[in-house]
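Data block below; observations after.
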Amino acid sequence: MAENNEVGSNFVREIVEEDLKNGKNGGRVATRFPPEPNGYLHIGHAKSICLNFGLAQRFGGTCNLRFDDTDPVKEDTEYCDSIKEDVEWLGFHWDNLYFASDYFDQLYEWAKELIRKGKAYVCELTPEQIREYRGNFYTPGKPSPWRDRPAEESLDLLERMKNGEFKEGERVLRAKIDMSHKNMNMRDPLIYRIKHVTHHRTGDKWCIYPMYDFAHGLSDAIEGITHSVCTLEFEDHRILYDWFIDALELDRHPQQIEFAKLNLSYTVMSKRRLLSLVKDGVVCGWDDPRMPTISGMRRRGFPPEAIRNFCELIGVNKRDSMVDLALLEHCVRENLNDTAPRIMGVTKPIKVLIENYPEGKVEYFEGPFHPTDDSFGSRKIPFSRELWIDSSDFMEDAPKKFFRLTPGREVRLRYAYFIKCVGVDKDENGNIIQVRCTYDPESAGGKSPDGRKVKVTIHWLSAAHALPAELHMVNTLFTEEDPMATPEGDFKSCLNPNSMEILQGYVEPSMADVKPGYRCQFERMGYFCVDTDSTKDHLIFNRTVTMRDDWAQIQKQGN
RNA sequence: UCCGAGAUCGUUUAAUGGUAGGACGACGGGUUCUGACCCCGUUAAUCUAGGUUCGAAUCCUGGUCUCGGAACCA
């Protein structure tokens with residue numbers, strides 16, 4: 001068993017396999033991803049998407065995309081569009097696109113059937129009274145005075161609720177179950193409530209809208225879903241899910257299976273909190289590269305394959321967990337290492353003057369776009385007397401383990417020459433304005449004919465040829481691993497003031513025509529992605545993720 | 001005080017009564033024209049107390065802790 005380098009199964013997969021083995025559902029597997037269109041999808045949804053679509057893929061079944069649009073107050077078609085885009089971008093294709101609102105007619109018929117069976121009634125208690133009558137965890141509820149009214153009366157009232165004869169809150173349709181049930185969900189739960197609100201799809205056709213518990217399971221049944229996967233907070237609702245299907249004596253009975261939702265360190269994951277970040281202007285929108293939304297991660301440069309792989313690695317179970325952001329970053333690097341062309345970019349420029357290199361001379365060095373995969377091709381990189389290097393690659397007073405440029409030290413300029421630092425020029429305030437070096441003409445192409453070794457190779461750009469670029473150095477949005485663990489759950493108290501550092505840097509001339517979405521590696525600096533707002537005249541890159549950095553670790557240890 | 005669920009290396013995930021394994025991280029080393037990638041090694045866990053058994057992470061009992069649940073939200 002131990003020699004299993006493929007990721008193990010998970011309990012949902014095992015349930016489906018078992019069902020298949022036993023011939024349940026006629027050997028059919030049908031799942032669905034049922035988002036409410038009231039916000040943008042995030043990495044937590046990606047877990048659910050990968051699970052549901054993955055199940056269908058693995059077992060030759062189907063997976064529907066169904067919008068759970070039963071509360072017109074919060075829902076909007078803008079969200080539907082973004083959700084569809086995100087699911088497709090992740091690489092999944094739904095067998096059918098449905099809306100819970102497609103089933104409003106059928107649901108209404110079923111509601112009337114429940115009334116006729118004596119299993120539902122129209123209640124005229126106020127919202128406050130309903131709450132009061134429901135009791136609490138420790139004390140049983142008491143029956144509504146309208147509980148036993150004749151079915152005919154409820155039928156008539158429901159019809160009039162539908163036609164808009166009553167104000168919101170005046171009447172509701174409730175299931176008649178058990179007001180003293182241990183599970184609060186069974187104390188005559190609501191089925192329909194009145195809302196005089198225009199629905200994003202059905203317009204003003206309805207003045208009543210079905211509640212989740214009623215609509216969701218029955219929608220599953222209508223679509224012939226076999227395995228209805230949802231998150232843990234619905235565990236207490238499963239009994240109701242089953243009750244409606246049984247009460248209506250439907251011939252299909254989907255099985256609800258609950259799993260633990262994803263928590264990621266250094267981020268928050270609820271739509272409500274993400275919306276508040278957007279509304280408060282903490283971020284620039286749902287697709288801000290710092291957001292854990294699918295659209296934010298896309299803009300930041302996370303490849304869909306990396307996200308899918310991450311979802312596979314984290315597994316599926318029923319215990320609460322907090323997945324380390326480092327695992328997501330690992331998946332992103334692993335993918336980008338194989339797929340991203342290498343280029344040179346300078347994030348914090350410092351000028352280097354090659355004293356013995358002729359003024360006005362320009363030569364070109366060939367550099368492959370990928371160290372091991374020739375199919376990426378190569379480009380010519382211009383070299384001249386004045387260069388930009390990254391300020392992190394030079395130190396005047398270097399500690400022992402610093403291998404980069406420092407007075408008297410020789411390093412290699414990638415693909416170009418060995419250079420040796422011979423001096424530093426400063427302004428009157430002591431700030432370094434330029435590093436002076438000499439180069440070894442024999443080392444052209446970065447070769448070392450005499451076998452001379454150099455500790456490191458650094459990246460560089462010909463100052464005259466470099467393209468200015470705005471660099472968005474994306475970091476975590478929060479400084480705490482669990483932002484919700486801050487006092488009173490005030491997650492905004494640990495917002496990271498440096499969540500996005502904006503730098504004016506340079507990139508090599510081969511980047512002149514890159515389009516938004518283009519992903520590449522700035523050698524030694526990290527993976528970057530061209531931002532959606534980037535133009536030919538104003539290049540903008542988002543740092544997708546840094547490189548793993550041993551030097552940074554050493555520096556950290558020194559402190 | 002009620003109902004439901006869950007506790008395995010720092011994190012995450014395996015084991016389905018039979019050697020507690022993998023991944024990420026951390027640490028150390030090798031390699032290197034990216035202090036990257038890659039390779040090798042080290043670290044490190046069954047919530048607790050009993051019981052059943054030749055044998056328990058797994059089964060039983062009692063504790064403890066964590067999470068979810070009382071919207072005309074989903």
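Proteins get letters first, then strands, A, B, ... in listed order; numbering begins at 1 in each. Worth saying up front: this structure is predicted, and the values here are computed from it rather than measured.
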Query raised in the report: Using atom P of each nucleotide, how far apart are B:rA5 and B:rC72 to the nearest Å?
Result: 25 Å
Taking a pair to mean Watson-Crick or G-U wobble geometry with both distances below 3.5 Å, B:rG50 pairs with B:rC60
From CD of A:E132 across to P of B:rA71 the rounded distance in Å is 13 Å
Rounding to 0.5 Å, atoms OH (A:Y417) and OH (A:Y439) come to a distance of 5.0 Å
When rounded to whole Å, the OH to P distance for the pair A:Y209 and B:rA74 reads 12 Å
Exactly one of A:R66, A:Q256, A:Q255 clears side chain to side chain donor-acceptor pair (under 3.5 Å) with A:D220, and that residue is A:R66
Please measure how far the P atom in B:rG22 lies from the corresponding atom in B:rG41, and state the result in whole Å. 10 Å
Please work out if A:L125 contacts a base, only the sugar-phosphate, or nothing of the nucleic acid, heavy-atom cut-off 4.0 Å. base
Check your understanding: Is A:W551 stacked on the base of B:rG35 when the test is centres under 5.5 angstrom and planes under 30 degrees?
Key -> yes
Taking N and O atoms by type only, does the side chain of A:R238 place a donor or acceptor under 3.5 Å from a partner on the base of B:rG4?
no
Note to self: Applying a 4.0 Å non-hydrogen cut-off, can you work out what A:D68 is touching in the nucleic acid: base, sugar-phosphate, or nothing?
What the structure shows: sugar-phosphate
Would you check if the distance from the ring center of A:F528 to the ring center of A:F522 is below 6.0 Å?
yes
If pairing means Watson-Crick or G-U wobble with both distances under 3.5 Å, then the partner of B:rA23 is B:rU11
For this session: Looking at every strand, decide which applies to A:N183 at a 4.0 Å heavy-atom threshold: base, sugar-phosphate, or nothing.
Result: nothing
- Query: How far does the C1' atom of B:rA57 sit from the matching atom of B:rU19, given to the nearest Å?
  - Reply: 14 Å
Exercise. Looking only at side chains, do A:T70 and A:D68 share a donor and an acceptor under 3.5 Å apart?
Worked result: no
- Taking the C1' atom of each, how far is B:rU12 from B:rG55, in whole Å? 29 Å
Looking for any heavy atom pair under 4.0 Å, which part of the strands does A:M525 touch: base, sugar-phosphate only, or nothing?
nothing
From the list A:F104, A:Y108, A:F244, A:Y241, ring pair (Phe, Tyr, Trp, His ring centres under 6.0 Å) partner of A:F214 resolves to A:F244
Discussion item. Looking at A:R319 and B:rU66, is any side-chain donor or acceptor paired with a base atom of the opposite kind under 3.5 Å?
Written reply: no
- Assign the ring pair A:F33 / A:H45 to parallel, tilted or perpendicular, where the plane angle (0 to 90°) is split at 30° and 60°. perpendicular
Exercise for the section: Report yes or no: is the ring centroid of A:F234 under 5.5 Å from the six-membered base ring centroid of B:rA74, with the two planes under 30 degrees? Expected result: no
**Message:** What's A:T546 touching, base or sugar-phosphate or nothing? Going by heavy atoms closer than 4.0 Å.
**Reply:** nothing
*Which of parallel (below 30°), tilted (30 to 60°) and perpendicular (above 60°) describes A:H237 and A:F234?*
perpendicular
*What interatomic distance, in whole Å, is found between P of B:rU64 and the corresponding atom of B:rG25?*
39 Å
Determine whether any donor atom in the side chain of A:H237 lies under 3.5 Å from an acceptor atom in the base of B:rA74, or the reverse, and answer yes or no.
yes
Rounded to whole Å, the CZ-P distance (A:R272 to B:rA74) equals 16 Å
note: A:N335, atom CG; B:rA36, atom P; distance rounded to Å ~ 20 Å
Q. What about A:W460 and A:F383, are their ring centers closer than 6.0 Å?
A. yes
note: A:L328, atom CG; B:rC24, atom P; distance rounded to Å ~ 14 Å
Any strand, both distances under 3.5 Å, Watson-Crick or G-U wobble: B:rC2 pairs with B:rG69
Whole-Å distance, A:D549 CG to B:rA26 C1', equals 15 Å
Ranking B:rU34, B:rA14, B:rA74 by distance to the side chain of A:Y212, first place goes to B:rA74
*Under 4.0 Å between any heavy atoms, over every strand shown, what does A:R548 touch: base, sugar-phosphate, or nothing? Just pick one.*
sugar-phosphate
Whole-Å distance, A:M344 CE to B:rA36 C1', equals 15 Å
Exercise for the section: Could you check whether A:R187 gets within reach of a base, just the sugar-phosphate, or nothing at all, counting any heavy atom under 4.0 Å? Expected result: nothing
P atoms of B:rC24 and B:rU58, separation to the nearest Å: 29 Å
Result for 5'-nearest mapping on RNA chain B, choosing between A:A552 and A:V323, is A:V323
Quiz item: Under 4.0 angstrom, heavy atoms only, what part of the nucleic acid is A:R333 near: base, sugar-phosphate, or nothing?
Solution: nothing
Under 4.0 Å, heavy atoms only, any strand: does A:L190 hit a base, just the sugar-phosphate, or nothing?
base
Q. On a whole-Å scale, what distance lies between the P atoms belonging to B:rA15 and B:rA71?
A. 39 Å
* Asked: When we call it a touch if two heavy atoms are under 4.0 Å apart, what does A:T70 touch: a base, just sugar-phosphate, or nothing?
  -> sugar-phosphate
| message | What contact category does A:E235 fall into here, base, sugar-phosphate, or nothing, at under 4.0 angstrom with non-hydrogen atoms? | response | sugar-phosphate
Review point. Using a cut-off of 4.0 Å on non-hydrogen atoms, how would the nucleic acid contact of A:K401 be classed: base, sugar-phosphate, or nothing?
Key: base
Closest to the side chain of A:N10, out of B:rU16, B:rA70, B:rA14, is B:rA14
query: Heavy atoms under 4.0 Å, any strand shown: does A:F310 hit a base, just sugar-phosphate, or nothing?
result: nothing
Flag yes if more than 12 heavy atoms outside A:E488 fall under 6.0 Å of its CD atom; otherwise flag no.
no
Closest to the side chain of A:V172, out of B:rC72, B:rC2, B:rA15, is B:rC72
Considering every strand and a 4.0 Å limit on heavy-atom distances, what is the contact class for A:P371: base, sugar-phosphate, or nothing?
base
Taken to the nearest whole Å, NZ/A:K318 to P/B:rG69 is 15 Å
Under 3.5 Å donor-acceptor pair, A:D236 side-chain atoms to B:rG68 base atoms: yes
**Rounded distance in Å between the C1' positions of B:rA45 and B:rU11** = 12 Å
